[in-house]
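Okay, so here's the structure we're looking at.
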Number of protein chains: 2
Amino acid sequence: MPEATVARLPLYLRALTTLAERGVATVSSEELAASAGVNSAKLRKDLSYLGSYGTRGVGYEVDFLRHQITREIGLTQDWAVVIVGIGNLGHALANYGGFASRGFRIAALVDADPTRLGEEVAGLNVRSADDLEQIVHDLGIAIGVVATPARAAQLVCDRLVAAGVTSILNFAPAIVQVPEGVDLRKVDLSTELQILAYHEQRKNGAALALTAEQAAELAEAVNG
Amino acid sequence: MPEATVARLPLYLRALTTLAERGVATVSSEELAASAGVNSAKLRKDLSYLGSYGTRGVGYEVDFLRHQITREIGLTQDWAVVIVGIGNLGHALANYGGFASRGFRIAALVDADPTRLGEEVAGLNVRSADDLEQIVHDLGIAIGVVATPARAAQLVCDRLVAAGVTSILNFAPAIVQVPEGVDLRKVDLSTELQILAYHEQRKNGAALALTAEQAAELAEAVNG
DNA sequence: GCAACTTTGTGCACACGTTCACAAGCGTCT
DNA sequence: AGACGCTTGTGAACGTGTGCACAAAGTTGC
Ligand SMILES: NC(=O)c1ccc[n+]([C@@H]2O[C@H](COP(=O)([O-])OP(=O)(O)OC[C@H]3O[C@@H](n4cnc5c(N)ncnc54)[C@H](O)[C@@H]3O)[C@@H](O)[C@H]2O)c1
Ligand SMILES: NC(=O)c1ccc[n+]([C@@H]2O[C@H](COP(=O)([O-])OP(=O)(O)OC[C@H]3O[C@@H](n4cnc5c(N)ncnc54)[C@H](O)[C@@H]3O)[C@@H](O)[C@H]2O)c1
């Protein structure tokens, strides 16, 4: 299955859940594509990788399709997650209720700062980074979230991998290397803002260019 | 300039900043690519869109290249940002120090909840969503960050756009429509985790398949 | 049972992004 | 000055992703 398709399945799942909550039983590729904000041909091609679950002339059965995507992504089971680094962001993530409803259970919180140990956040005690291996093993954790400062990110990832974690979501603005077989994704908020800034600048640049053109016209009008 | 290149420029900028702090004056595409975690040919092609700023046989001058990328992204000026929705995530974002050093200034915090109004977060008072247009206008805000619940996201974006914001970073898990000319990017943490879960499941599936194969071998050994 | 209509699933062409490979250019050393 | 070694910048091949357009396949109505 193409990586681009995998990245869109959660989107479809969310759209289907919304439709199901509204009591919609059947949906066409056109409607579902609109809800998910994608092209309908792309949606159909994506879904075709799961199998032929639609009915020509009718569309897709919402609940059935939802179940199929859930199974394909692997959300029939709950995934235990450990968050490392319980600062600003770690707190927000720990307190976020939206993960549980999407198949993820925050199973442990870990920090290196001794003054944070034992602190209760979202019903969990913050535990020591020294116990990481034990925690990952005992709770069957496969997914780690890194919310430490950038300089600690590589070390934390190394320790997560050593403890047996094979999927990592990194929030720290650092390039980290992981061995083959470990999946690493990163969320980089500053980068997102910088991409917006680039386009924003070009918009303003275009406006300035327009002004320059207008100025030229004006000059011509004065001279002519 | 290709969108994929724009998305990598912040990465290069960060790597260059790290090198500059270490006192490195010149860097080859090979070294810089390694620091940024990309292919060196890709790096050179990306940089070639900025102009021919390298020296054959030598490499790139760190400070000069840093300045060129900064200018290209539009980070020579500081961008004023408004955060809408000062809950878990909004607090974390407001308190995050990493934005200021990367060209962004959190200029205003806005929430709809009357009990939050006037609360001081990161040295700013939380202001009413009703004043959005005024705030955006007075502070010259071009970029908005949405950290409200999903159901409010479309409304908030509409109001931001109406107020004159032309770039939005959305954290709410919702599909929002914006008019032509407005840039919208989204950060979706649940989706990131679900993508990891998909690959994680396949790893386990492969492991199970191996086990099945081993079981077959075992059976054969017993029968043979 | 058949015609008309609707919608899926997919072949195909095109656009975009990545990577290899190498000529061109710069600095250095003799 | 000229040969040599290193690194950039880029042409070209390849791979991935997108979207059109339509045949195939189902439903509905008569
Ligand atoms: N807060 C945000 O909104 C935000 C936005 C973008 C990026 N980030 C990034 O996310 C990361 C966390 O940000 P934050 O604002 O929560 O920072 P923070 O300083 O508030 O929290 C970091 C936490 O990590 C802990 N820590 C440090 N080293 C550790 C280690 N080796 N093992 C375990 N824990 C360790 C610290 O004790 C602290 O509690 C940073 O890399 C930051 O750049 C944060
Ligand atoms: N907290 C996280 O770590 C996290 C992770 C992933 C996604 N998200 C998403 O980010 C968003 C915010 O999450 P949160 O945990 O901070 O939620 P939250 O409920 O803690 O905060 C939401 C805030 O938005 C305000 N709000 C509601 N409607 C508003 C409106 N119309 N105008 C202005 N403000 C309004 C509320 O008063 C509240 O203060 C949600 O959509 C959530 O799904 C959060």
Side-chain angles (χ1 to χ4, degrees), chain A residues 1-12 15-16 19 24-69 72 175 183 185 191 195 198-199 202, chain B residues 1-12 15-16 19 24-69 72 175 183 185 191 195 198-199 202:
Chain A
M1 169 149 356
E3 192 57 33
T5 296
V6 173
R8 281 188 295 267
L9 289 182
L11 214 66
Y12 303 151
L16 285 167
L19 290 171
V24 178
T26 313
V27 68
S28 72
S29 66
E30 202 70 48
E31 295 167 314
L32 184 54
S35 316
V38 301
N39 179 295
S40 71
K42 183 152 52 177
L43 172 86
R44 287 197 297 276
K45 188 156 284 184
D46 284 343
L47 294 185
S48 76
Y49 289 108
L50 306 179
S52 283
Y53 294 145
T55 308
R56 292 169 191 235
V58 177
Y60 300 89
E61 209 180 317
V62 172
D63 277 334
F64 182 73
L65 188 56
R66 200 150 71 106
H67 179 254
Q68 292 304 324
I69 295 180
E72 188 70 22
I175 308 294
D183 279 294
R185 296 186 66 87
T191 294
I195 294 170
Y198 169 83
H199 293 294
R202 292 191 78 223
Chain B
M1 170 149 353
E3 190 57 33
T5 296
V6 173
R8 281 189 295 266
L9 289 182
L11 213 65
Y12 303 151
L16 286 167
L19 289 171
V24 178
T26 314
V27 68
S28 73
S29 64
E30 202 71 48
E31 294 166 315
L32 184 54
S35 317
V38 302
N39 180 294
S40 71
K42 181 152 57 177
L43 172 86
R44 287 198 298 276
K45 188 153 282 185
D46 284 342
L47 294 185
S48 76
Y49 289 107
L50 305 179
S52 282
Y53 293 143
T55 308
R56 293 167 190 238
V58 178
Y60 301 88
E61 209 180 317
V62 172
D63 277 335
F64 182 74
L65 189 54
R66 201 150 72 104
H67 179 252
Q68 292 303 325
I69 295 180
E72 188 71 24
I175 308 294
D183 279 293
R185 297 187 65 88
T191 294
I195 294 171
Y198 169 82
H199 293 295
R202 292 191 77 222

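The chains referred to below are lettered A, B, ... by the order of the sequence lines, with proteins before strands, and numbering in each begins at 1. Just so you know, these numbers use all the heavy atoms, side chains as well, and skip hydrogens, waters and symmetry mates.
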Interatomic distance, [X] [atom1] vs [N] [atom2] [rounded to whole Å]:
X: B/Leu43; N: D/dT7; atom1: CG; atom2: C1'; result: 12 Å
X: B/Leu47; N: D/dT7; atom1: CG; atom2: P; result: 16 Å
X: A/Leu65; N: C/dT7; atom1: CG; atom2: P; result: 16 Å
X: A/Arg44; N: D/dT18; atom1: CZ; atom2: P; result: 15 Å
X: A/Glu61; N: D/dT27; atom1: CD; atom2: P; result: 12 Å
X: A/Met1; N: D/dG17; atom1: CE; atom2: C1'; result: 15 Å

If only side-chain N and O atoms of A/Tyr53 are considered, is one of them under 4.0 Å from the OP1 or OP2 phosphate oxygen of C/dT7?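 No, outside the criterion.
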
Distances for protein N/O vs nucleotides 16-18 of chain C N/O pairs under 3.5 angstrom?
from: C/dT18; atom 1: OP1; to: B/Arg8; atom 2: NH1; distance (Å): 3.0
from: C/dT18; atom 1: OP2; to: B/Arg8; atom 2: NH1; distance (Å): 3.2
from: C/dT18; atom 1: OP2; to: B/Arg8; atom 2: NH2; distance (Å): 3.0

Compare every heavy atom of B/Ile69 with every heavy atom of B/Leu9, then report the nearest pair and how far apart it is.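 The pair with the smallest heavy-atom distance is O-CG2, 3.9 Å.
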
Looking only at non-hydrogen atoms, find the nearest pair between A/Ala7 and B/Thr191 and report the distance.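 For A/Ala7 versus B/Thr191, the nearest heavy atoms are O-CG2, 3.9 Å.
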
Student check: side-chain heavy atoms of [X] and [Y] closer than 4.5 Å:
X: A/Tyr60; Y: A/Glu31; value: no
X: A/Glu72; Y: A/Tyr49; value: no
X: A/Lys42; Y: A/Asp46; value: yes

Residues from residues 24-34 of chain B lying under 4.0 Å of DNA chain C - heavy atoms: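 Under 4.0 Å from DNA chain C: no residue of residues 24-34 of chain B.
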
Any chance you could lay out the side chain to side chain contact (heavy atoms under 4.5 Å, CB included) test for A/Asp183 and B/Ile195, step after step, and finish with the verdict? CA-CA 10 Å; A/Asp183 279 294; B/Ile195 294 171; over 6 Å; no

Answer with yes or no whether A/Arg56 presents, from its side chain, a donor or acceptor under 3.5 Å of a partner atom in the base of C/dT8.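 Side chain to base: pair found, below 3.5 Å.
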
